[in-house]
Each structure stands twice: as structure tokens, then as C-alpha cells.
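Indexing begins at 1, ligand by ligand and atom by atom, following the structure's order. Residues: numbered from 1 along the sequence shown.
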Amino acid sequence: MGEVREQSGSGELDGLLARLKEYEGQAAATSGVGKDLVNEPMIRHWCEATGDGNPAYAGPEAIAPPTMLQAWTMGGLSGHTGRSSAYEGLFALLDGAGCTSVVATDCEQEYVRDLRPGDRVTFDAVIESVSERKTTKLGSGYFVTTRMDVYGAGELAGTHRFRILKYAPARKKQEKPEKPEKQEQDSEKPAEGAGPVLRPRPVINRDNAGFWEGVSAHRLLIQRCEECGTLRFPWLPGCNACGCARWDTVAASGEGTVFSYVVMHHPAFPAFDPPYAVALVELAEGVRMISNVVGVAPGEVRIGMRVRAEFRRFDPELELPAFRAVADGGGADGLHTD
Ligand code: ZN
């Protein structure tokens, strides 16, 4: 087991942790300045994107939605202002220890005072804490918590506590097996001899488990709101039309048309054989679903093409719906290329 190895390396890790801990309390950014004054266009776009019609965010007395706090301090593509050498040093130390990847994990905000159009936003940030080494599904590394104090027109408007994981990615066997020749475009056959690389698993949770139970029974289930009857896909806990949380399901006929599509050539993901067609299929019932179009060369997929659902097994644990091109008025094999 890893115990023995960890023991021999623990002194080294403790040394690193001590050096990381020295950064706690140091400035992460000083006298940062927001790239734009608090302004109405950004507020309006935010409200449109989030569907927030609160009248407090419009008109001559408008305030900015408090949850926009971080929007005013973001560096954008051109980078951050005021980032400290301590913050850069902490990152360099973690990079040097092999923790080269980063993922944001969570944030907490506290609102003290309203921000209004015209306010100049400034901020200071401190490295609040660095965790002990933790092992996650992504890999092993350190949680770094930064607290940013955000000021509007010189007064504290709120705090933004932001946590990231700097980690060394868990090793994956992702090498694609050498193949003597390219598989046929219409990769209809199960991927025999394709090696150990499997398709990614769907993320199944309590909100969408019913859909996957349907798939395992070869039924394409659409959620239907019990209150207003609106159909929805993908599966969600509540109705977008009326907010009702009660629902039942209807089984789709499987008939549909290609609403939009892309043909993937690059990049080549393990377990996928480009080129292949990824389509947004509009089901006869009206909802749309992303899937593969099969039974036709990828380059021949067209908007409006009629398709029919089927279930394709990729490996013993994975079966997915796919849509087979059907000729107008013809059978399922009308556009078959093989
Ligand atoms: Zn509804």
C-alpha cells in the first residue's frame, strides 16, 4: 500500500507544508483596481443572463446586484492588477512541487454596502490559508483560500473568499492504442480490440437518475411538469415554465430531426474516433437532445435530416442513446453507408 512510501516522503512533505504555511497572512493583491467603473451595461447583461428582474437593479437609483461583487474585480484576458509577489511565489512553489493544475472549488461572499454605477472598485486580497495536502479524485494537492476585500468609492462593499485546489493530476492511462488502420467512418461495429480506453461515464445524480433508468430499459424518457404539462430535457428538478417541482415522464417516440450539428475532427479524445457527428436532435415531442448521428457518413449529416433513436452499447457498463439517419419515407437503412 501507499503507507510505506508516504512515510518515507513525509518529511519532505512536511517541509513543503511549512514553507506553504509561511504564505498565510501575506498579501495576494494590494491596491487592485477594477477595470471598469460599476456601470449599467454590465449590470444589465448580468441581470439578463441570470434572469433577475429585480427593479432595484435598473433605473436612475439602480444598485449593482450584490452577487456581481467579483465581476468588478476580475482580471479578464489581459490579466489581474495588483497581484502580489507572494501570491506568485506561492504558486511557483506549488508548481515546483508538481501541483501544476488548478481548479476553483468554492467561494463565499459577504455584502456590506451597495455598489452603484459610477463607483470605482478597488480591492486588497490576502492569502488566508493553505491546507495540508489532500487527496481528491482529481489528484493530490493543497487548498488555497484567498480573501478579497472589495471597496466601492473607497468604502468596504463586501468580501469575497475564494478557494482553489492546486494539485498534481492523478495519473491516467490515456494512451490511445496503436491501430493498424483507421476505423471506418461509420463505426457501427462495437469497438472490438479498441483497447482499454472507455468512453466517459455519464454523471448520474438524483435529478437525472430516471433518465438513465429509462435508457437501461431502452426508453427515452422526457420529464413532464405535472402542473402545466411542459416537457423538459435535460432532466431538471423543477419546471422552467412554472416552477413546479412535481413531474412525471413521457416516453419519446424516438422520432426526431437534426436541429444543428458539428462534425468532430479534432481534438481526438480517447475512446472517440473522429470524424463523428454530434447533433442537437429535436425530438418529435419538441425537446432537444445532444447525441451522435449514426448510419450516415458524418459529412452527410444535414440540418433537418430525419433521425430515429436507438440504443448503442459501447462497453459492458455503458449504453447510450444515438440517432440513426432515416431516409424520408423510407426505412431505417435508407441512408446506410455500409
Ligand atoms: Zn410547469
Salt bridge between E310 and R312, side-chain N to carboxylate O under 4.0 Å?
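Yes.
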
Salt-bridge criterion met for E110 and R161 (N-O under 4.0 Å)
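The answer is no: the pair does not qualify as a salt bridge.
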
For the Zn ion (ligand 1), state how many protein N, O or S atoms fall inside a distance shorter than 2.8 Å.
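Those protein atoms number 4 in total.
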
Side chains of L221 and V250: does their closest heavy-atom pair fall under 4.5 Å?
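Side chain of L221 against side chain of V250, heavy atoms only: no contact under 4.5 Å found.
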
Within the 3.5 Å criterion, strictly below it, is a donor on S253 or E285 matched to an acceptor on the partner's side chain?
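Indeed, the side chains of S253 and E285 share at least one donor-acceptor pair under 3.5 Å.
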
For R19, which residues count as a salt bridge (charged side-chain N to carboxylate O under 4.0 Å, His left out) partner, sequence neighbours excluded?
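If we apply the salt bridge (charged side-chain N to carboxylate O under 4.0 Å, His left out) test to R19, skipping adjacent residues, there are no hits.
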
Report the relative orientation of the aromatic rings in H218 and F311; use parallel for angles under 30°, tilted for 30 to 60°, perpendicular for over 60°.
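Judged by the thresholds at 30° and 60°, the geometry between H218 and F311 is parallel.
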
